[in-house]
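Heads up, the thing below is written out as structure tokens.
Note: hydrogens, waters and symmetry copies are ignored here, and every other heavy atom, side chains too, is used. Along the sequence shown, the residues carry numbers beginning at 1.
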Amino acid sequence: MRFAVTKVCASGAKARAGLLQIGSSGVETPALLLSTRKGLPAFMSPDLLSSLPLPDSLLLNVCPTHFIEVPPSKTISNIGGLHRMLGLPDHILVAAAGESTECLPSSDATNKFGASFETPAGRKLVKPSDYMELISCLQPNLWASLADEVPAWVNEKRNKTSVERTLRWLDACIALDAASGRNSLGVVVGGSSIEQRKLCATEVSKRNVSGFWIGGFGLGESVEERCSLLNAVTDCLPLGKPRIVSRLGLPEEVLEGVASGIDLFDSTYIYQLTMGGFALIFPVDVVEREMQNGVFDSSAGDSAKINLRATTYRKDTSRIVDGCTCFTCQNHTRAYLNHLINVHEMLAQILLEIHNTHHYLRFFRSIREAIKAGEFDIFWKQFVENRRSQIAAAAM
């Protein structure tokens with residue numbers, strides 16, 4: 001694995017563009033890790049996945065705890081690993097132990113032996129040895145170590161215990177995987193404690209890891225806490241290795257993360273939107289926006305998403321987004337999607353996931369373009385201001 005920072009914002013800002021190269025596949029950052037269920041996005045088969053923008057869609061987040069018992073991990077190993085089983089030889093698979101809809105970590109049930117997860121096979125205590133057996137069978141390109149993630153409301157003593165366990169498990173995981181030569185990601189935890197976050201980030205940086213997975217967010221912290229914690233962590237991490245953050249998926253959260261120096265984002269935002277019948281429609285194309293007096297012209301501002309369940313779309317024969325080149329917008333109307341959703345046809349989720357994924361990948365591409373042009377701060381400020389004005393207008 002190779003990672004290089006190609007552009008850093010001026011004036012001491014942390015936002016940066018980079019290139020992650022694994023084998024023959026290369027992806028520019030900041031980028032999105034596509035959330036998966038057992039290796040694929042929830043409603044997309046491999047042929048539909050290939051219709052998404054390349055190389056932006058090559059990054060897949062896989063959850064090893066999805067594969068506990070079903071199918072047996074040895075079966076996946078005999079096939080030749082997850083790449084072979086999925087038929088996706090060129091995709092970059094990044095494995096991390098928990099995700100926010102199905103395999104939830106439980107702080108209360110975790111102990112010194114391992115982390116407790118709600119999995120498809122029930123609640124399981126996963127020890128470092130169990131976890132690394134899964135990693136060995138799945139053979140991902142990158143894997144994040146087992147970690148003790150805690151919610152924001154725990155006390156300082158529990159935060160300290162979380163860091164101690166995570167560092168101990170990181171050392172155990174690295175030792176168990178030493179012979180394989182796979183690329184590892186050290187996990188940074190510490191709850192809402194800036195002191196423990198800094199300590200964990202500093203200690204993880206001393207280990208032989210290829211990058212960093214910043215966990216424990218989206219578990220009850222406030223927006224103000226999140227910004228402070230993110231900046232405290234990234235200040236302690238080396239510049240030449242990729243940083244991944246989990247459970248930050250809203251556009252505003254992504255922009256905050258990019259401003260803090262995050263390179264990759266893992267979230268279930270697209271999945272949640274799709275399950276709710278929502279379609280993303282906010283403007284994303286920086287190239288087509290004109291700069292006027294240092295401000296992006298966004299006179300055609302829209303809300304971030306629309307609810308296609310609503311009866312107002314029953315006779316709407318327009319595309320979800322004019323000019324969108326995704327398969328859904330090129331072939332189907334809002335009216336058809338409204339019909340599919342309201343008759344509970346699974347094709348609705350398939351078409352929605354295609355559009356939402358395509359649209360959000362374009363959003364990340366615009367972020368990269370803004371960083372390269374030296375205009376990220378303007379892009380971020382204008383995006384947030386537009387969203388606030390839209391929300392205020394909708395509330396009136």
Side-chain angles (χ1 to χ4, degrees), residues 3 6-7 17-37 39-62 83 86-94 141-142 242 244 249-251 254-255 257-258 262-274 278-289 302 304-305 319-332 337 349-373 376 379 383:
F3 176 76
T6 56
K7 174 75 175 183
L19 178 65
L20 176 67
Q21 187 81 34
I22 296 182
S24 60
S25 300
V27 178
E28 289 187 279
T29 63
L32 176 68
L33 286 172
L34 300 187
S35 176
T36 69
R37 296 292 178 276
L40 285 170
F43 302 104
M44 272 195 263
S45 57
D47 59 320
L48 295 175
L49 186 60
S50 66
S51 72
L52 296 174
L54 290 171
D56 309 59
S57 59
L58 289 178
L59 285 165
L60 299 179
N61 173 41
V62 298
H83 286 89
L86 298 175
L88 299 174
D90 297 324
H91 280 67
I92 299 171
L93 303 185
V94 183
N141 301 102
L142 283 164
I244 305 172
L250 293 172
V254 167
L255 291 170
V258 171
I262 300 300
D263 304 299
L264 298 164
F265 293 80
D266 159 55
S267 81
T268 56
Y269 178 57
I270 292 172
Y271 173 76
Q272 302 287 3
L273 285 172
T274 300
F278 290 96
L280 290 171
I281 62 168
F282 63 87
V284 295
D285 200 337
V286 168
V287 174
E288 294 180 0
R289 301 184 187 192
D302 266 315
K305 60 185 183 293
R319 299 176 181 179
I320 298 175
V321 175
D322 287 335
C324 179
T325 58
C326 78
F327 174 85
T328 302
C329 287
Q330 290 296 304
N331 293 280
H332 301 293
L337 286 160
Q349 281 74 47
I350 294 172
L351 295 176
L352 269 178
E353 188 172 49
I354 290 172
H355 169 76
N356 287 333
T357 304
H358 188 279
H359 194 87
Y360 220 43
L361 290 175
R362 286 181 60 210
F363 172 59
F364 274 86
R365 184 171 292 185
S366 288
I367 292 173
R368 295 194 296 270
E369 290 170 352
I371 294 173
K372 292 174 186 177
F376 173 76
F379 175 67
F383 186 94

Any sub-3.5 Å donor-acceptor pair from [X]'s side-chain atoms to [Y]'s backbone N or O?
X: Thr328; Y: Leu352; value: no
X: Asn141; Y: Leu93; value: yes
X: Arg368; Y: Pro30; value: yes
X: His355; Y: Cys329; value: no

Measure the shortest side-chain to side-chain distance between [X] and [Y] over non-hydrogen atoms and say whether it is less than 4.5 angstrom.
X: Leu40; Y: Ser45; result: no
X: Ser57; Y: Leu361; result: yes
X: Val94; Y: Asp266; result: no
X: Phe265; Y: Val258; result: yes

Minimum heavy-atom distance between [X] and [Y], given as atom pair plus value:
X: Ala31; Y: Glu28; value: CB-O, 3.3 Å
X: Leu86; Y: Pro46; value: O-CG, 3.7 Å
X: Phe282; Y: His359; value: O-NE2, 2.8 Å
X: Ser267; Y: Ser35; value: O-CB, 3.4 Å

Gap separating the [atom1] atom of [X] from the [atom2] atom of [Y], nearest 0.5 angstrom:
X: Thr36; Y: Met44; atom1: OG1; atom2: CE; answer: 11.0 Å
X: Leu280; Y: Thr274; atom1: CG; atom2: OG1; answer: 8.0 Å
X: Glu353; Y: His358; atom1: CD; atom2: NE2; answer: 14.0 Å
X: Ile371; Y: Phe379; atom1: CD1; atom2: CZ; answer: 9.5 Å
X: Ile354; Y: Cys324; atom1: CD1; atom2: SG; answer: 11.0 Å
X: Leu59; Y: His91; atom1: CG; atom2: NE2; answer: 9.0 Å

* Give the C-alpha distance, both sets of side-chain angles, the deciding distance and a yes or no for side chain to side chain contact (heavy atoms under 4.5 Å, CB included) between Leu20 and Leu264. => CA-CA 10 Å; Leu20 176 67; Leu264 298 164; 4.2 Å; yes
* **Working for side chain to side chain contact (heavy atoms under 4.5 Å, CB included), residues Ile320 and Ile281** => CA-CA 7 Å; Ile320 298 175; Ile281 62 168; 3.9 Å; yes
* Using the side chain to side chain contact (heavy atoms under 4.5 Å, CB included) rule, take Leu351 and Phe327 through it: C-alpha gap first, then chi angles, then the decisive distance, then the call. => CA-CA 8 Å; Leu351 295 176; Phe327 174 85; 4.0 Å; yes
* **Which residues share a ring-ring contact (aromatic ring centres under 6.0 Å, His included) with Tyr360, sequence neighbours left out** => Tyr269, Phe363, Phe364
* To do: Go through the steps for Phe278 and Gln272 under the test side chain to side chain contact (heavy atoms under 4.5 Å, CB included), then give the verdict.
  => CA-CA 9 Å; Phe278 290 96; Gln272 302 287 3; over 6 Å; no
